[in-house]
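A short write-up of the structure that comes next.
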Amino acid sequence: MSVSPAIVLDGLQFRWPGQSALCLDIPRLEIAAGEAVFLHGPSGSGKSTLLGILGGVAVPQAGRVNVLGNELTAMSSRARDRLRAAHIGFLFQQFNLLPWLSAIDNVLLPCTFSVERKARASRRHSLRDEAERLLTQLDLTMSHWLKPAAELSVGQQQRVAAARALIGRPELVIADEPTSALDAERQQIFIDLLLREVGQRSSVGDVALHGEISALRSARTALVFVSHDQRLASHFDRTIDLRTINLAVQADAATEPA
Amino acid sequence: MSPIPLLRLAARSAWARRLTLGVTLVAIMLSTALLLCVERVRADARQSFTQSVSGVDLVVGARTGSVQLMLYAVFHAGAATNNVDWKSFEILSAHPAVEWALPLSLGDSHRGFAVLGTTPAYFERFSYGEHQSLKFRSGESFAKVFDAVVGSEVAAKLGYKVGDAITLSHGMGSANLLEHGDKPFQVVGILEVTGTPVDRTIHVGLEAITALHLDWVAGAPVKGLSIPQDFVSKFDLKPKEITAALIGLKRRSDVFRMQRFVNEFRGEPLLAVMPGVALDELWQTIGLVERTLFAVSVLVIIVGLAGLVATMLASLNERRRELAILRALGAGPGDIFIMLAAEGLLVTTLGAVLGAAMLAIVSTIFAPWLLEHLGVLLTPRLLSLSELYLFGGVIITGMLASLVPGWRAWRMSLADGLTPRT
Ligand SMILES: Nc1ncnc2c1ncn2[C@@H]1O[C@H](COP(=O)(O)OP(=O)(O)O)[C@@H](O)[C@H]1O
Ligand SMILES: [Mg+2]
C-alpha cells in the first residue's frame, strides 16, 4: 500500500475563467493517507471549487496538486478522469443518484467506469454482494435495493450515494456538503455512518471478523468532508477553516448563496 | 471509459425519457416513411411512364409536336389534328428496313375510356416495361368485325366479362357524345394488368372503326341513312386513313435513317419520334410536380431532425445534474459527448428503420387498394437502391444533427465540472 499523503497542495492558484480575482490561493495543504478532515467555510468561499481541483475536473493556473501520489497538473485530462474513477469517491449535497437506476445499480456505477475499481470491489465477495453489504451497513434494508433511486427519501438517497462513494474502497472520499439536505438529527447519524465506513471508527470489529487487523491502517480511506456548518466537526481527525489557508480575498463570500 | 457500458448507460437514460424521445422518434419515422414513399412512387411512376411502350422503334403520325404525338398515340389523350393516309402507311410498312408496322385509329370512346382501332398483330407486337408483351386474362383477340378486347382497368371499373355487349360513343370525353348505338360490340377478351395506358383502352379491329362510320359524314350520322350491322361486311372496310402507326425495325441501327425517311416523306407531312427519348422528355416537362414533392419531403425530414435536436437541447438543462454525476464517476467531457451523440443517432436510426419498415408494410397491404382507387403504383418491396441512398442520407443527416446536442453537452460539462450552477 502506498504511504504517500492523500493530498498535497503547493502554491495553488485558481481563477474562474472570466473573473479577475483569484478564487483560491493556497500556499500549502497536506492531508495524510487515511485522514478524515472537516473543511468548512462560508458559502462562496471556494470549497466546491477546491474539491473540483482535487477531483481533477478543474485545473489550477499555478501550483502543484498531488492526489494519492499523482501529480494532477502533469497528467492528461483522460488520466485524471481515470484516477477519479478508480481511486476517488464523490458525494454531493443532493441529487447524487441517477433517478432512473435502482439503488443497487447506482451503487455499482463506479465499477462500470473503472475496471480497477471493479476488481477491488469484487475481491472478497461478488460485486453484487459487496453492494448489498454496503447498503446494509448504511442501514438500507433489502426492500430498498431494487427501488428506482427517485422513489427513495432524501436521507436514503444520501446513504445510497455514500455506498456508491465507498464501493471498491477508494483511497479518497470527497464529500461536498452531503448533509445539508438532511435534518439536524439525521446529519450526525449520517456522519457517524460515513466515518465508520471509511474505517475511522468502530469498524475494528468488522475488519477483525475478516482476520485483517494488520490491514486496519491501510484500509483507511482519507475523507475530505466539506460543510459550511462548523457544528458537525466533532468526530473528525482535523478541522480546517478554508479562510485560514486560502489567501484569496472572497469579497462576496458571505453574501453568495450556497 | 470503454464505450460499451457508456452506451448502455446512454440507452437506459434515453429509456427513462422514452415519452419525449418516443414522440420525436415517431416524427422521424413518419418523415422517413414519407420521403421513401415519395421516392418510390416517383421512381415507379417514372418507370411505368417511360416504359409505356418498349420494343417500338418509331411512333409515326401526321406532322405535329413530338409531345403531342406521344400524348395521343401512346396515352390516347388529346386528339390528332391530322390523320395519316392509309396509302402512306402501306408504303411505310413495305419499307425494307421495317419488320412490322401497327396502325392505330383513335377518336371513339366508351364511358370515358379510349377506343383503339388496330390489327390483331397489336397483341403480339406491342410490348411495355422490360419487353413484356400483352397477355389475355380471359378470352382472346378479336376475329369478327364487332369484337372488342378491353384493358384490365376497363373490365374492373365497368365490371365487364367476356360475352358482354357494349356500345361505343363518337369522340373523346364524357359529355353529350353521340352514340354508335346501332352497332353494339361484344367483349371477346380481357387483358392482364400492365400499369400502362393499355389498361384503360378498348381495342377493336381497324375495320370496326370504318364500319362504325359508314353512315357518318363530318362527325355526325347522316339523317335517313342507316346501314344495319349485318350489312357492313358487304362494304369495303379498308380504312382510308389512320391516326398514327407504331413501327418496329429489323435492325435498331436503322432507326435514324428510317426517322429521316418518315420526316422527309413525299406524300404528306409526317413525323416520326423515338418513343424512349420522347417519353423521357415528356417526363422532364411534367417532372416539376415530382421534384416539388421530393423537396417537400426532404423538408419534412429536416423538420423531424430539427425536432430531435430541439428536444435533446431542451432536456440537457434537466440533465445537467445527471451529467455532473457521470463526470464525478470518471466520465470525461468526450464520454459525455459520445453519450449525447449516440442518443441522437439511436433515435434517428431507429426512426429511419421503423419508417422504412412502415413503408414496406403499408406498401404491401395497401398497394392493390392504391392502384385501384388512386391509380398510384406503389411497389411492395423493402428498399430499392435509390431509396437506400436516401435512407443512408437520413441517417447521416441525423448523425450530423446529433453532434449539436453532443457538442452542447461537452461544453456544458467542461464549464460545470462537478457542481452545475443551476
Ligand atoms: N462553474 C463556475 N464558473 C464560474 N465561476 C464559478 C463556478 N463555480 C463557482 N464559481 C465561483 O467561484 C466562487 C466559489 O464558489 P464555490 O466553490 O461554489 O463556493 P462554495 O462551494 O464554498 O460555496 C464563487 O464566487 C462562484 O461564483
Ligand atoms: Mg459549494
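What you see is a predicted model; the values in this text were computed from it and never measured. Protein chains get the first letters and strands the later ones, always in sequence-line order, with residue 1 at the start of each.
- Between A/Phe95 and B/Ile325, the closest side-chain pair of non-hydrogen atoms is not below 4.5 Å.
- Interface residue B/Leu326: backbone and side-chain heavy atoms are both found under 4.5 Å from chain A.
- Neither the backbone nor the side chain of A/Leu83 has a heavy atom closer than 4.5 Å to any heavy atom of chain B.
- The minimum heavy-atom distance between B/Gly330 and A/Ala85, with the atom names listed, is CA-CB, 3.8 Å.
- Heavy-atom neighbours of A/Lys147 NZ from other residues, nucleotides or ligands within 6.0 Å: above the threshold of 12.
- A donor-acceptor pair under 3.5 Å is absent between the side-chain atoms of B/Arg321 and the main chain of A/Leu97, judged by distance alone.
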Show me the side-chain donor-acceptor pairs of residues 336-355 of chain B shorter than 3.5 Å, one per line, residues at least two apart or across chains.
residue	atom	partner	partner atom	Å
B/Glu343	OE1	B/Arg17	NH2	2.7
B/Glu343	OE1	B/Arg319	NH1	3.3
B/Glu343	OE2	B/Arg17	NH1	2.9
B/Thr348	OG1	B/Gly344	O	2.4
B/Thr349	OG1	B/Leu345	O	2.6

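- No more than 12 heavy atoms of other residues, nucleotides or ligands lie within 6.0 Å of CZ in B/Arg411, so this atom counts as exposed by the packing criterion.
- Counting heavy atoms of neighbouring residues, nucleotides and ligands inside a 6.0 Å radius, atom CZ of B/Arg408 does not exceed 12 of them.
- Side-chain contact between A/Asp105 and B/Arg12: present, with at least one pair of heavy atoms (C-beta onward) separated by less than 4.5 Å.
- In this structure, OG1 in B/Thr419 is found 7.0 Å from CZ in A/Phe92, a value given to the nearest 0.5 Å.
- Among all heavy-atom pairs drawn from B/Ser13 and A/Trp100, the shortest one is CB-CZ2, 3.2 Å.
- More than 12 heavy atoms of other residues, nucleotides or ligands lie within 6.0 Å of CG in B/Leu400, so this atom counts as buried by the packing criterion.
- Across all non-hydrogen atoms, the minimal contact from A/Phe90 to B/Ala328 is CD1-O, 3.7 Å.
- When the candidates A/Leu51, A/Ile174, A/Leu101, A/Asp176 are compared by the number of heavy-atom contacts under 4.5 Å with chain B, A/Leu101 comes out ahead.
- At a 4.5 Å heavy-atom cutoff, A/Arg117 makes no contact with chain B through either its backbone or its side chain.
- Two residues are said to be in side-chain contact when any heavy atoms from C-beta on lie closer than 4.5 Å; B/Leu329 and A/Ser114 fail this criterion.
- Heavy atoms of A/Ser48 lying under 4.5 Å from chain B belong exclusively to its side chain.
- The closest donor-acceptor contact from the side chain of A/Arg84 to the backbone of B/Arg327 lies under 3.5 Å.
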